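Please read the structure below before turning to the comments.
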Amino acid sequence: QVQLVESGGGLVQPGGSLRLSCVVSGSISTIYSMGWYRQAPGKQRELVAFFTSGGGTDYAGTVKGRFTISRDNAKNTVYLQMNSLKPEDTAVYSCGSPQLGSWGRGTQVTISS
């Protein structure tokens with residue numbers, strides 16, 4: 001089974017930035033259904049950024065304009081650049097692909113002063 005491993009989380013102050021990485025154990029060059037999810041304590045998992053079937057990207061309204069999803073097919077890696085972070089962005093962030101049927105365990109992101 002394909003493995004997805006996230007990294008890059010941490011503790012940052014409000015207004016700061018983080019870049020998350022998701023390394024996939026197999027080739028992602030033909031995978032279009034892939035995105036970043038987050039789950040905060042006591043809340044449902046939320047899809048925050050994803051690649052569309054047309055090759056574009058889309059975002060949840062809560063992060064649009066602040067987060068950017070990208071990919072490096074040569075490195076089998078998907079990234080999530082997060083800017084202007086807010087305390088409400090605190091969550092466990094994971095990458096996943098319904099097409100692959102796999103999700104990573106996630107990385108903790110905490111926004112606090």
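All figures in this text were calculated on a predicted structure; none of them were measured in a lab.
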Got [X] and [Y] here, is their nearest side-chain heavy-atom distance under 4.5 Å?
X	Y	answer
Val92	Val109	no
Phe67	Gln81	no
Thr77	Val24	no
Lys43	Arg38	no
Ile31	Ser97	yes
Thr68	Tyr59	yes
Cys22	Trp36	yes
Cys95	Glu6	yes

Do [X] and [Y] belong to the same hydrophobic cluster, where Ile, Leu, Val, Met, Phe, Trp and Tyr are linked whenever their side-chain heavy atoms lie under 4.5 Å apart, directly or via other members?
X	Y	answer
Phe51	Trp103	no
Val78	Leu100	yes
Val23	Val2	no
Val63	Tyr79	no

Non-hydrogen atoms of [X] and [Y] that approach each other most closely:
X	Y	result
Pro14	Ser112	CD-C, 3.7 Å
Gly9	Leu20	N-CD2, 3.6 Å
Ser102	Leu4	CB-CD1, 3.4 Å
Ile69	Met34	CD1-O, 4.3 Å

If we count only N and O atoms by modelled type, under 3.5 Å, do the side chains of Arg45 and Tyr37 hold a donor and an acceptor together?
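Arg45 vs Tyr37: no donor-acceptor pair found between side chains.
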Just checking, any donor-acceptor pair under 3.5 angstrom between side chains of Glu46 and Thr62?
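Yes, because at least one side-chain N or O of Glu46 sits under 3.5 Å from a partner of the opposite role on Thr62.
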Atom pair [atom1]/[atom2] of [X] and [Y] - distance to nearest 0.5 Å:
X	Y	atom1	atom2	result
Gln99	Ile28	CD	CD1	11.0 Å
Leu80	Ser21	CG	OG	9.5 Å
Gln39	Tyr93	CD	OH	12.0 Å
Asn76	Ser27	CG	OG	5.5 Å

Report the residues that fulfil side-chain contact (heavy atoms from CB on, under 4.5 Å) with Thr90, sequence neighbours left out, ordered by chain and then residue number.
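Expected list: Gln108, Thr110, Ile111.
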side-chain hydrogen bond (donor to acceptor under 3.5 Å, both in side chains) between Ser17 and Asn83, intermediate numbers included:
CA-CA 4 Å; Ser17 298; Asn83 299 327; 3.0 Å; yes
